[in-house]
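To start, the structure itself, in structure tokens.
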Amino acid sequence: MIVKESSKAIAEMPGIFQNPAFMGHEQVVFCHDEETGLKAIIGVHSTVLGPALGGTRMWNYANDAEALRDVLRLSRGMTYKASISGLNLGGGKAVIIGDSRKDKSDELMKKFGEYVDSLSGRYITAEDVGINTHDMEMVKSKTDHVTGIPESMGGSGDPSPVTAYGVFMGMKAAAKYRWGTDNLEGKKVFVQGVGHVGETLVKHLSDSGAQVMINDIHEDTLERISKTYNATIVRENLFDLDMDIYAPCALGATVNDETIGRLKAEVIAGAANNQLADELRHGTMLREKGIVYAPDFLINAGGLINVYSEIAKYDRAEALRRTEDIYNTTLTILTEAETHGITTHQAALKVAEERVAKKREQQRA
Ligand code: NAD
């Protein structure tokens, strides 16, 4: 009876491979272990440019479908982030379903490491939301296909400062494009989320003489950062603030139907992934409103560039040099978008997709 019912359920599933949400992934691995309670999904979007690299996120998803959607979207994003940054890496990501404070154990992380190892390097993992250094040590005890490990273990350490530097470079390029100068002195910049990346970004901005406004859900963090960098705390009507630049550094999808109409910023440049709730529609709305949007997956790639140094064996100075290049790439993308009458997000995707397509053709030849 159970067999019959489950085969009926499978037969009724809509065509997965035809579903646009599947986004042409090469491989999706469902990992289940009853003993440790592990429920994970590894998404390998593309290995055309190299092994699929992307972090593991542990999150209490409302249901399995939400977890699947997240891993598919995030792993695809990694393909484009690596491609546009000129890295020989593909795109992948993993999600572990569960509450990272209650459901995690060393045994669960080790089991996950065994699944990563079973992919023989097609997927390389790293830290993401809900996963810490200790967890990565557990994973590493079962597989070598791990990056972003602490410097004390021979790795490249916390990627966040490099991510922040790249975001700062992307922001300066967008300013240059918008105002003809990349000098941020006196510019009013609102940084939403002052965590690992946001704090370093605030530091760069403050050093440049910008007027920085900050918001976060943690009051103690806000107070500390406000004092350290002379930043103004803002708590209400965030999207009605008088600002020149909006830097989303907390959550995705903050650029949406509700916020675009209210935003007074002329530039959007931040670290958060998937800032546009709807890539095409909201990208178009920004374009029509004359707001310069620096594509998130382009300007937040510094961390990935840094992590890649563990594989490509280059040093921190080289990682920073490559991250600095985000400035030039951003300017090129913004100009391309204008030339072709498309959104900046579309222009960035086009460049990223073309590099993957070219490599695929070479591999077929
Ligand atoms: P983090 O968790 O250290 O910081 C996020 C901060 O946002 C925290 O201080 C949190 O309290 C705050 N926050 C959460 N919800 C908020 C809300 N509703 N309003 C205001 N503040 C809120 O994360 P991070 O490593 O700094 O990353 C920030 C963003 O950048 C994330 O979206 C992440 O996916 C993205 N990103 C990070 C890296 C990296 O190297 N760390 C690389 C690429 C992209």
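When a ligand or atom number is given, it counts from 1 through the structure's own listing order.
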So, are [X] and [Y] salt-bridged, with charged N and O less than 4.0 Å apart?
| X | Y | answer |
| --- | --- | --- |
| D220 | R224 | no |
| E35 | K111 | no |
| K176 | D182 | no |

Next on the checklist: Between Y293 and H282 (judged by ring centroids, cut-off 6.0 Å), do the two rings come close enough to count as a pair?
Outcome noted: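 No, the ring centres sit 6.0 Å or more apart.
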Checklist entry - Under 6.0 Å between ring centres, would you say that holds for Y123 and H145? => result no
Checklist entry - Hey, does V189 have a side-chain heavy atom less than 4.5 Å from the side chain of Q211? => result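 The answer is no, as the side chains (C-beta and beyond) never meet within the 4.5 Å cut-off.
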Next on the checklist: If you define the side chain from C-beta out and look only at heavy atoms, does anything of R322 sit under 4.5 Å from Y314?
Outcome noted: yes
Protein contact to [atom] [nearest heavy atom, distance to 0.1 Å]:
| atom | value |
| --- | --- |
| atom 26 (O) of ligand 1 | V197 N, 2.8 Å |
| atom 30 (O) of ligand 1 | A271 O, 3.3 Å |
| atom 41 (N) of ligand 1 | S160 OG, 3.2 Å |
| atom 32 (O) of ligand 1 | A250 O, 2.8 Å |
| atom 40 (O) of ligand 1 | T163 OG1, 2.7 Å |
| atom 5 (C) of ligand 1 | C249 O, 3.9 Å |
| atom 18 (N) of ligand 1 | L251 CD1, 3.4 Å |

Checklist entry - Evaluating non-hydrogen atoms only, which member of N273, L222, I217 is closest to atom 17 (C) of ligand 1? => result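 Considering heavy atoms of N273, L222, I217, the nearest to atom 17 (C) of ligand 1 sits in I217.
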Next on the checklist: Restricting to non-hydrogen atoms, name the atom on I333 and the atom on T344 that form the minimum distance, rounded to 0.1 Å.
Outcome noted: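 Heavy atoms only, the tightest pair is CG2-O, 3.6 Å.
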Checklist entry - So, for V202 and A231, which heavy atoms are closest and what is the spacing to 0.1 Å? => result CG1-CB, 4.4 Å
Can you find an N or O of [X] that's nearer than 3.5 Å to an N or O of ligand 1?
| X | answer |
| --- | --- |
| H218 | yes |
| H196 | yes |
| D216 | yes |

Item to check | Atoms of ligand 1, numbered as shown, that sit under 4.0 Å from any heavy atom of G195 | outcome: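 Reading through ligand 1 atom by atom, the close ones are 3 (O), 4 (O), 6 (C), 9 (O), 26 (O).
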Item to check | Atoms of ligand 1, numbered as shown, that sit under 4.0 Å from any heavy atom of N215 | outcome: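 Heavy-atom distances to N215 below 4.0 Å select 19 (N), 20 (C).
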Next on the checklist: Whether the side chain of S206 engages the backbone of Y229 through a donor-acceptor N/O pair (distance < 3.5 Å, no angle test) should be reported.
Outcome noted: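 Yes; at least one donor-acceptor contact below 3.5 Å.
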Checklist entry - Hey, is T221 touching ligand 1 through its side chain, its backbone, both or neither, going by heavy atoms under 4.0 Å? => result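 Neither; nothing of T221 gets under 4.0 Å from ligand 1.
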Checklist entry - When you look for heavy atoms under 4.0 Å from ligand 1, do you find them on the side chain of N300, its backbone, both, or neither? => result both
Checklist entry - Nearest protein heavy atom to atom 23 (O) of ligand 1: under 4.0 Å? => result no
